[in-house]
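Atoms within a ligand are numbered from 1 in the order they appear, just like the ligands themselves. Here the structure is a predicted model, which is why all the values come from computation and not from measurement.
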Amino acid sequence: MKIVVSELIWEEGLQILSELGNVVYDASLWKQDLARELADADALVVRNQTRVTREMIQAAPRLKVIGRLGVGLDNIDLAAAREAGIPVVYARNANAISVAEYVFAAMLTFARRLEEATAHVKGGGWNRRFYTRMELYGKTLGLIGTGEIGTRLAHRAQAFGMKILGYDPFIPPYEVACTEFGVQLADLKTVLSQADFVSLHVPLNNATRNLINRETLSLMKPSAYLINTARGGVVNEEDLYNALREGKISGAALDVLAQEPPQDSPLFKLNNVILTPHIAGLTEEAQVKTSLLVAQEVVKILRGEPSSCVVR
Ligand SMILES: NC(=O)c1ccc[n+]([C@@H]2O[C@H](COP(=O)([O-])OP(=O)(O)OC[C@H]3O[C@@H](n4cnc5c(N)ncnc54)[C@H](O)[C@@H]3O)[C@@H](O)[C@H]2O)c1
Ligand SMILES: O=C(O)CC[C@@H](O)C(=O)O
């Protein structure tokens, strides 16, 4: 068996794959001639930077499985994989807690500004009135997408005493979790207009691309914050820049951008923006879980066994 891993994988997963076959692993392979490596490959394991296109799938006649070390599948041509009869397995739920904790870090950063206050004190300041900020208790968290991440975030927000609103037109699989964690389901307009923090947890697809735009941003309160850990394409960045600059909303935390890594962006110039390099799911715990899960599921498929993590 030849197993090609084109992006960063944790040792725990690599070990499992190596027991089954010959692993070709290079974390920068996605930038190189991947199609050549795939000509005789039985499995391909990727993160989010490898573009798994129809052409690439067609150039891999022996391919039996594609493993995604993560959750978002927007970098894989799922229709082409399905047509070629190649199952795609992914790390469902493996990084959900990490992302939920990242959103808390962002909300608490906006609420308390500890880093800014530290710089202020180190610079000789002691302005206690200026740093009198706000509690999360009693504030409203608006979830756009109430799946694995959204419900784990709700669980944590419930413990903080936040009110939780959720918008998700495809709710059934997560209905019980929503009820348990106090999510009141509502329409998009209600969630956007009532939330103090709007957090995005939807996949990127034709229905969600540019979901946050001039019109939807105008529904948000001027005191509200937007947090995007989903995909850059869910937010129209030009519209967001204008909304932030004009004070239509108070701030934004963006872990994901339309172009990653970004070229110079006007967003860099704004003080009310937190920018991180797509790290919400990047914790040791989540990555060990992700690597183990995906490696195990890839091995199952290669052995002809059923997998519970196949994309439907
Ligand atoms: N920044 C990161 O490191 C990171 C890590 C993990 C996941 N993600 C992103 O977060 C997304 C969500 O992850 P998840 O594990 O919660 O996925 P999930 O599939 O469990 O949940 C997604 C939810 O979005 C809902 N949804 C789909 N289309 C919608 C729409 N048009 N409007 C509202 N809701 C809609 C679905 O019904 C589902 O409940 C992933 O697709 C991925 O792109 C980012
Ligand atoms: O592949 C990655 O590192 C990004 C992970 C994250 O965005 C996901 O969709 O799970």
Side-chain angles (χ1 to χ4, degrees), residues 5-10 13 27 30 45-52 66-76 78 88-103 105-106 142-155 165-178 183 185-192 198-213 216 227-235 253-258 260-261 274-287 289-291 293-294 309 311-312:
V5 183
S6 62
E7 294 182 62
L8 185 65
I9 184 170
W10 261 240
W30 62 278
V45 177
V46 304
R47 296 188 76 86
N48 69 323
Q49 285 170 297
T50 311
R51 298 268 135 222
V52 186
I66 298 168
R68 163 69 171 102
L69 294 160
V71 178
L73 298 162
D74 45 288
N75 56 318
I76 301 175
L78 293 176
V88 177
V89 294
Y90 73 117
R92 186 172 65 210
N93 183 27
N95 56 21
I97 290 174
S98 296
V99 178
E101 289 185 359
Y102 172 101
V103 175
L143 302 172
I144 310 299
T146 57
E148 299 290 353
I149 298 170
T151 51
R152 274 159 192 80
L153 179 54
H155 188 185
L165 295 176
Y167 167 69
D168 192 325
F170 312 104
I171 189 62
Y174 301 100
E175 205 158 16
V176 174
C178 282
V183 181
L185 293 167
D187 58 33
L188 182 62
K189 192 172 170 190
T190 304
V191 176
L192 291 176
V198 172
S199 194
L200 308 179
H201 303 292
V202 291
L204 176 63
N205 55 38
N206 289 339
T208 60
R209 192 176 297 282
N210 285 324
L211 181 70
I212 302 300
N213 54 40
T216 45
I227 301 166
N228 187 12
T229 57
R231 282 293 180 268
V234 177
V235 175
L254 308 174
D255 183 50
V256 286
L257 290 166
E260 297 180 3
I274 294 170
L275 290 161
T276 52
H278 204 145
I279 52 165
L282 277 185
T283 60
E284 282 301 314
E285 294 85 346
Q287 293 312 314
K289 243 193 281 180
T290 294
S291 300
L293 178 62
V294 172
C309 288
V311 177
R312 305 272 166 220

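- Taking atom 9 (C) of ligand 1 as the reference point, the nearest protein heavy-atom neighbour is A230 O, 3.5 Å.
- In this structure, P169 counts as a contact residue of ligand 1, since one of its heavy atoms falls inside 4.0 Å of the ligand.
- In summary, the atoms of ligand 1 found under 4.0 Å from a heavy atom of G281, numbered by their order in the structure, are 2 (C), 3 (O).
- When hydrogens are left out, the protein atom nearest atom 35 (C) of ligand 1 is V202 CG1, 3.5 Å; that is the closest non-hydrogen contact.
- Nearest heavy atom pair, residue G147 against residue D168, reads N-OD2, 4.1 Å.
- N213 and T216 share a donor-acceptor pair across their side chains, judged by distance under 3.5 Å alone.
- Salt-bridge formation is not detected for the pair E285/K289: no Lys NZ or Arg NE/NH1/NH2 atom is positioned less than 4.0 Å from an Asp or Glu carboxylate oxygen.
- Between the T190 side chain and the A186 main chain, no donor and acceptor come within less than 3.5 Å of each other.
- Judged by distance alone, the side chain of N75 and the main-chain N or O of R47 form a donor-acceptor pair under 3.5 Å.
- Under 4.0 Å from any atom of ligand 2, one finds heavy atoms of residues R47, N48, R68, L69, G70, V71, G72, N95, R231, H278.
- Contact annotation: the side chain of Y167 never approaches that of L185 to less than 4.5 Å [non-hydrogen atoms, C-beta and beyond].
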Problem set entry | Verdict with supporting geometry, R209 and L204, side chain to side chain contact (heavy atoms under 4.5 Å, CB included) | CA-CA 6 Å; R209 192 176 297 282; L204 176 63; 4.0 Å; yes
Problem set entry | R152 vs N93, side chain to side chain donor-acceptor pair (under 3.5 Å): CA-CA, chis, key distance, verdict | CA-CA 10 Å; R152 274 159 192 80; N93 183 27; 3.2 Å; yes
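- In terms of heavy-atom proximity, A154 sits nearest to V183 at CB-CG2, 3.5 Å.
- In summary, the side chains of D255 and T276 do present a donor paired with an acceptor at a separation below 3.5 Å, with no hydrogens or angles considered.
- Panel note: side chain T208, backbone P203; a donor-acceptor pair is recorded below 3.5 Å.
- Near H278, meaning under 4.0 Å from one of its heavy atoms, ligand 1 places the atoms 1 (N), 2 (C), 3 (O).
- Heavy-atom proximity to D255, at under 4.0 Å, picks out these atoms of ligand 1: 1 (N), 2 (C), 3 (O).
- Comparing heavy-atom distances from atom 21 (O) of ligand 1 across G147, G233, A207, P203 singles out G147 as nearest.
- Within the 4.0 Å heavy-atom cutoff, V99 counts among the residues contacting ligand 1.
- Checking only distances, E148 does come within under 3.5 Å of ligand 1, N or O to N or O.
- Counting only heavy atoms of the protein, atom 17 (O) of ligand 1 lies nearest to V71 CG1, 4.1 Å.
- Residue T229 has at least one heavy-atom neighbour below 4.0 Å for each of these atoms of ligand 1: 1 (N), 2 (C), 4 (C), 8 (N), 9 (C), 44 (C).
- A heavy-atom distance below 4.5 Å is not found between the side chains of I66 and V89.
- Closest to atom 12 (C) of ligand 1 among all protein heavy atoms lies H201 O, 3.6 Å.
- The closest non-hydrogen atom to atom 25 (C) of ligand 1, taken over T208, D168, T283, N205, comes from D168.
- Close approach of ligand 1 to G72 (heavy-atom distance below 4.0 Å) involves ligand atoms 41 (O), 42 (C), 43 (O).
- Closest to atom 28 (N) of ligand 1, if we only count protein heavy atoms, is F170 CE1, 3.5 Å.
- Of all atoms in ligand 1, numbered sequentially from 1 with element shown, those under 4.0 Å from a heavy atom of N95 are 5 (C), 6 (C).
- For atom 19 (O) of ligand 1, the nearest protein heavy atom (residue, atom name, distance) is Y174 OH, 4.5 Å.
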For this session: Determine, step by step, whether V46 and W30 satisfy the side chain to side chain contact (heavy atoms under 4.5 Å, CB included) criterion, reporting the C-alpha distance in whole Å, the side-chain angles of both residues, the deciding distance to 0.1 Å, and the verdict.
Result: CA-CA 8 Å; V46 304; W30 62 278; over 6 Å; no
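- Side-chain atoms of T50 and S6 include a donor-acceptor pair closer than 3.5 Å.
- Although no hydrogens or angles enter the test, the distance criterion places no donor-acceptor pair under 3.5 Å between the side chain of E260 and the main chain of H278.
- Below 3.5 Å of separation, one finds an N or O of I149 facing an N or O of ligand 1.
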